[in-house]
Amino acid sequence: MIESEAISKTIKGDVQKMKKTSGRKKSLALVLCLSFTMMLSACGGGNNNNAAPTDPPAATTSPTADNTGKATTSPSTEPSGSPLELAMKGDYKGTKVTMFGPFVDADQVKFENSIKEFEEKTGIDIQYEGSKEFEATINIRVDGGNAPDIADFPQPGLLASIAKTGKVIDLTNVLDQAKLTANYNKSWLDMSNMDGKDGKIMAGIWNRSNVKSLVWYPKKQFDEAGYKVPETWDEMMALTEQIAKDGDPAWAIGIESGAATGWPATDWVENIMLRTTAPENYDKWVKGELPFTSPEVKNAVEVMSKIWLNKDYVYGGAKSIVTTSFGDAPAPMFNNPPKAWFNMLGNFITSFFPETAKVDVDYDWFYLPPIDPQYGKPVLVAGDIYAMFNDRPEVRAVMEFFTTGESIKSWVQSGGVIAPMNDASLDWYTSESDRRMAKLVQDASTLRFDGSDLMPGKVGAGTFWKGMTDYVSGTATLDQALEQIQSGWNN
């Protein structure tokens with residue numbers, strides 16, 4: 001301000017001289033104006049003495065005129081639109097988003113095809129890395145500070161354990177919750193809420209699903225035999241008995257799967273739990289709060305046993321269940337005439353059907369019927385939940401994209417996948433079977449994820465598998481098996 005003080009003294013001197021000179025009032029005004037301008041320039045200081053004076057910033061909504069002469073509104077200094085909308089405008093062109101997941105081989109090709117158009121439109125490069133050792137590797141990478149921007153978890157239980165560390169981004173304020181509510185069955189959103197380090201967080205979003213409440217049957221021969229699709233559990237049991245009287249076991253069941261032997265039995269127990277007790281009890285069971293030795297779980301296994309342990313109802317008898325591979329189990333349905341009529345597994349099982357068998361013609365499915373009407377029509381599902389570990393605008397854009405049906409359109413069209421989003425058109429599905437399946441998921445009164453996948457590995461992929469195998473093989477009583485399974489939690 002030394003320069004301003006000197007200028008101030010000069011102004012005072014000029015004023016005094018001007019007062020002594022008559023008829024010079026206009027000159028006085030001119031001098032005052034010029035001197036004041038000099039003082040402002042000095043106070044503005046800085047090293048850029050040649051900088052042009054600046055005007056105050058214009059209001060972001062002040063009216064201007066476009067090249068047509070019409071009044072318009074000046075754009076805000078902040079970009080408008082969601083991250084996905086901005087990405088589609090090219091705002092994040094040239095950026096990269098890393099992603100790590102379990103998709104390899106054919107699934108990786110299908111996934112990369114599903115994101116190709118998005119990458120081309122936005123200029124965002126989604127660098128996907130697939131691994132068969134995903135479950136073991138993701139923990140190492142997160143703990144080592146080398147987490148991908150996005151990770152695909154096929155087992156929500158694994159994500160839940162990582163979410164507790166506080167290293168997963170809470171999506172509650174990242175994604176538009178109103179849009180999610182409109183585009184997903186509430187159960188999907190409920191299943192995305194997990195315990196974080198400091199309370200509940202939205203740990204991920206669902207992108208791909210498969211359905212596990214389906215009973216497959218040889219449609220052509222089924223219709224020719226005059227059988228009718230059952231609508232209730234009692235009707236299904238009556239049909240099972242009728243088929244037995246006609247000379248065939250109704251059910252083709254196998255749980256052999258190498259080191260994973262027993263897992264198909266868990267799907268049965270989970271489905272029956274959803275049909276015989278409240279969803280809240282199912283959730284408690286999955287969390288370990290409702291023990292396997294409880295009346296609710298024991299009842300579910302007993303309901304299953306009325307089919308599994310009846311030698312007239314199962315192809316090969318109960319003991320063959322343990323030695324028959326789950327992928328080979330449906331084969332008798334495709335004999336002519338069929339030697340068995342029903343197989344209950346998720347929609348992935350069609351990969352094990354004969355290549356010559358045509359969906360909607362040679363085979364079809366019906367919904368595993370409800371047991372207690374008060375629990376509606378629950379559906380057991382599995383699928384992939386995507387979590388975010390690094391928060392950048394382009395990562396937000398990709399996550400928002402993954403909440404849209406468009407993100408999985410090409411995969412749906414290729415078959416074998418059900419989109420959990422409501423904006424996924426039923427017209428995308430190439431078979432009536434898949435369309436009905438997608439509608440089943442959209443209309444379900446309750447959706448719950450595969451329980452064994454949510455439990456800790458030592459239970460869900462450990463004692464649960466082994467306990468069910470021992471029970472079905474006859475090496476353990478039901479009570480012994482349930483106690484054995486529960487020991488996984490106790491340890």
Side-chain angles (χ1 to χ4, degrees), residues 100-102 131-143 147 151-168 190-197 199-204 206 212 255 257-274 277 279-294 296-298 300-301 346 380-387 389 447-471 476 480-491:
F100 184 47
S131 172
K132 293 181 180 179
E133 305 298 326
F134 169 81
E135 287 82 1
T137 307
I138 187 62
N139 275 314
I140 296 172
R141 291 184 58 170
V142 172
D143 291 342
D152 166 17
F153 290 84
Q155 293 181 320
L158 179 56
L159 172 57
S161 65
I162 296 177
K164 292 178 181 178
T165 67
K167 295 179 181 180
V168 175
D190 290 343
M191 291 188 293
S192 70
N193 289 319
M194 301 179 182
D195 291 328
K197 189 175 182 180
K200 289 286 185 181
I201 67 170
M202 185 178 190
W206 299 92
K212 292 195 165 191
I255 65 172
S257 185
T261 293
W263 72 259
T266 70
D267 283 6
W268 274 78
V269 177
E270 291 153 6
N271 266 298
I272 297 173
M273 280 287 289
L274 288 174
T277 191
E280 293 77 13
N281 277 341
Y282 182 91
D283 296 338
K284 290 178 180 179
W285 174 54
V286 166
K287 294 176 183 177
E289 298 170 4
L290 182 71
F292 273 85
T293 52
S294 70
E296 291 86 352
V297 181
K298 183 175 182 178
V301 180
L380 186 70
V381 296
D384 299 83
I385 184 169
Y386 295 173
F389 287 91
L447 285 172
R448 283 298 184 271
F449 203 88
D450 183 296
S452 61
D453 283 347
L454 293 173
M455 296 173 186
K458 61 185 178 181
V459 181
T463 57
F464 199 177
W465 291 353
K466 188 176 187 307
M468 292 307 299
T469 301
D470 289 349
Y471 170 60
Q480 289 171 338
L482 294 175
E483 289 174 2
Q484 176 186 340
I485 299 170
Q486 183 62 27
S487 70
W489 282 107
N490 298 337
N491 294 331

How close do [X] and [Y] get, heavy atom to heavy atom, and via which atoms?
{"X": "I255", "Y": "A265", "value": "CG2-N, 3.9 Å"}
{"X": "A163", "Y": "A203", "value": "CB-CB, 4.5 Å"}
{"X": "P156", "Y": "W206", "value": "CG-CH2, 3.5 Å"}
{"X": "M273", "Y": "E296", "value": "SD-O, 3.6 Å"}
{"X": "V286", "Y": "G451", "value": "CG2-CA, 3.9 Å"}
{"X": "V297", "Y": "P291", "value": "CG2-O, 3.6 Å"}

Output yes when a side-chain donor or acceptor of T261 lies under 3.5 Å from a complementary backbone atom of G258, and no otherwise. yes

What's the separation between atom [atom1] in [X] and atom [atom2] in [Y], rounded to the nearest 0.5 Å?
{"X": "L454", "Y": "L158", "atom1": "CG", "atom2": "CG", "answer": "11.5 Å"}
{"X": "L290", "Y": "N281", "atom1": "CG", "atom2": "CG", "answer": "5.5 Å"}
{"X": "L274", "Y": "L447", "atom1": "CG", "atom2": "CG", "answer": "9.5 Å"}
{"X": "F449", "Y": "D190", "atom1": "CZ", "atom2": "CG", "answer": "14.5 Å"}

Checking W465 now: which residues fulfil ring-ring contact (aromatic ring centres under 6.0 Å, His included) with it, not counting sequence neighbours?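 Checked W465 against ring-ring contact (aromatic ring centres under 6.0 Å, His included); zero matches.
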
Hey, does [Y] have a side-chain heavy atom less than 4.5 Å from the side chain of [X]?
{"X": "Y282", "Y": "L380", "value": "yes"}
{"X": "K200", "Y": "D195", "value": "yes"}
{"X": "F100", "Y": "F389", "value": "no"}
{"X": "L159", "Y": "I138", "value": "no"}
{"X": "M194", "Y": "I385", "value": "yes"}
{"X": "M455", "Y": "W489", "value": "yes"}
{"X": "I485", "Y": "M468", "value": "yes"}
{"X": "V269", "Y": "F292", "value": "no"}

So which pairs with a foot in residues 284-294 pass salt bridge (Lys or Arg N to Asp or Glu O under 4.0 Å), sequence neighbours left out?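 Salt bridge (Lys or Arg N to Asp or Glu O under 4.0 Å) check on residues 284-294 returns no pairs.
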
Pairs touching residues 257-272 that satisfy salt bridge (Lys or Arg N to Asp or Glu O under 4.0 Å), sequence neighbours left out: K212-D267

What about F464 and W263, are their ring centers closer than 6.0 Å?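 Centroid separation for F464 and W263: 6.0 Å or greater.
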
Please indicate whether K167 has more than 12 foreign heavy atoms, meaning atoms of other residues, nucleotides or ligands, lying under 6.0 Å from its NZ. yes

Is the F134 ring parallel, tilted or perpendicular to the F153 ring (thresholds 30°, 60°)? perpendicular

